[in-house]
Number of protein chains: 2
Amino acid sequence: MSKEKFLGEFEQFVLLAILKLGESAYGSTIRQLLAEIIGRDVTIGALYTTLDRLEAKGLLESKIGEATAERGGRAKKYFKVTAQGQSALKRSKQALSSLWQGLTLKVLD
Amino acid sequence: MSKEKFLGEFEQFVLLAILKLGESAYGSTIRQLLAEIIGRDVTIGALYTTLDRLEAKGLLESKIGEATAERGGRAKKYFKVTAQGQSALKRSKQALSSLWQGLTLKVLD
DNA sequence: AAAACAATATCTACAATGTAGAGGAAATTA
DNA sequence: TAATTTCCTCTACATTGTAGATATTGTTTT
């Protein structure tokens with residue numbers, strides 16, 4: 001089926017963050033980790049838009065958590081990288097590899 | 001002055017390719033090297049559009065070569081990464097670093 | 001139970017980047 | 001000067017990036 005599309009860079013970051021977060025990946029935790037990884041802030045709107053798109057493409061799946069919050073608030077939506085998401089990421093990594101090596105060797109430091 | 005914008009991934013690849021090509025960076029050589037690096041074809045239109053945009057942003061500069069061709073044809077347009085281009089790339093590399101390391105550690109192989 | 005509050009997600013819009021392909025320019029050669 | 005070759009320009013549209021305002025859904029307060 002797949003068109004073997006390539007992931008955008010931000011998409012890759014998002015996927016990675018979710019992978020790292022494991023069970024606790026939802027909006028604000030993702031956003032937080034992302035900020036650390038990327039080194040700058042990410043607005044909530046930017047994040048959710050990307051999350052939705054990745055889910056639409058089948059690279060992520062989500063489930064609404066139970067509303068067991070302690071201090072009120074809407075239920076969290078937990079995300080998880082699908083198998084398809086993993087392979088997409090794996091492919092990206094391939095291409096990234098040459099970029100990374102190139103940049104590393106090519107002075108720039 | 002700078003808005004400190006981030007480079008797109010394809011833009012990074014293009015910049016790197018030009019850096020690697022040195023004196024001989026023009027349309028078709030860039031396209032060729034890019035194909036190797038990225039692992040898939042890049043249409044000529046896609047390439048020039050990006051080249052132009054990078055130049056407009058001051059990350060690249062170009063000069064038309066002398067028409068000393070051997071078998072006819074229009075003069076080549078040679079590209080070169082500016083100092084500004086180098087630093088932009090350097091900044092991108094920073095962010096890429098965490099992505100690359102994350103992907104490397106996070107199994108996926 | 002209504003009002004205020006808190007935590008989270010959805011929607012809408014627009015900007016930037018990615019991607020293609022048809023077509024135009026300039027030089028060489030027949 | 002017409003044909004051929006090599007290369008670049010233009011136009012258009014798709015995808016991804018980014019933001020902010022707003023809606024939902026619980027809890028706590030009054």
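Chain A is the first sequence line, chain B the second, and so forth, proteins listed ahead of strands; every chain is numbered from 1. All figures in this text were calculated on a predicted structure; none of them were measured in a lab.
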Legend entry - Tyr78(B)-Leu54(B) co-clustered via ILVMFWY side chain contacts under 4.5 Å: no

Legend entry - Side chain proximity check, Val81(B) to Leu89(B), heavy atoms < 4.5 angstrom: no

Inset, instruction - For Thr49(B) and for Ala46(A), locate the closest nucleotide of DNA chain D by heavy-atom distance; then report the residue assigned to the nucleotide nearer the 5' terminus. - result: Thr49(B)

Legend entry - Length of the line joining Lys63(A):NZ and dT8(C):P, which is rounded to integer Å: 17 Å

Inset, instruction - May I ask you to verify whether the side chain of Ser28(A) and the base of dA7(C) hold a donor-acceptor pair under 3.5 Å? - result: no

Legend entry - Heavy-atom check, side chain of Leu51(B) versus side chain of Glu55(B), under 4.5 Å: no

Inset, instruction - Can you tell me the distance, in whole Å, between the CG atom of Leu7(B) and the P atom of dT18(D)? - result: 12 Å

Legend entry - Residue-phosphate contact under 4.0 Å: Lys76(A) side-chain N/O, dT25(D) OP1/OP2: no

Inset, instruction - Would you indicate, yes or no, if dT15(D) has its OP1 or OP2 atom less than 4.0 angstrom from a side-chain nitrogen or oxygen of Lys57(A)? - result: no

Legend entry - Tyr26(A) vs Phe10(B), nearer the 5' end of DNA chain C by closest nucleotide: Tyr26(A)

Inset, instruction - Could you tell me the separation between the CD atom of Glu9(A) and the P atom of dA16(C), rounded to a whole number of Å? - result: 17 Å

Inset, instruction - With heavy atoms under 4.0 Å as the rule, sort Arg31(A) into base, sugar-phosphate or nothing. - result: nothing

Legend entry - Length of the line joining Glu11(A):CD and dG18(C):C1', which is rounded to integer Å: 12 Å

Inset, instruction - Assess whether atom NZ of Lys57(B) is packed by more than 12 heavy atoms of other residues, nucleotides or ligands within 6.0 Å. - result: yes

Inset, instruction - Remember a base hit wins even if backbone is also touched, and classify Gly45(B) as base, sugar-phosphate or nothing at under 4.0 Å, heavy atoms. - result: base

Inset, instruction - Could you check which of dT10(C), dA25(C), dT19(C) has an atom nearest any side-chain atom of Arg74(B)? - result: dA25(C)

Inset, instruction - Could you tell me the separation between the CZ atom of Arg40(B) and the C1' atom of dG18(C), rounded to a whole number of Å? - result: 9 Å

Inset, instruction - Rounded off to whole Å, could you give me the CG-to-P distance for the Leu34(B) and dA20(C) pair? - result: 12 Å

Legend entry - Atom pair distance, as rounded to whole Å: CG in Asp52(A) and C1' in dT12(C): 13 Å

Legend entry - Atom-pair distance (NZ on Lys77(A); P on dA23(D)), nearest Å: 18 Å

Legend entry - Under-4.0 Å side-chain N/O to phosphate OP1/OP2 contact, Arg53(A) with dC11(C): no

Legend entry - Within-4.5 Å side-chain heavy-atom neighbours: Trp100(B) and Lys93(A): yes

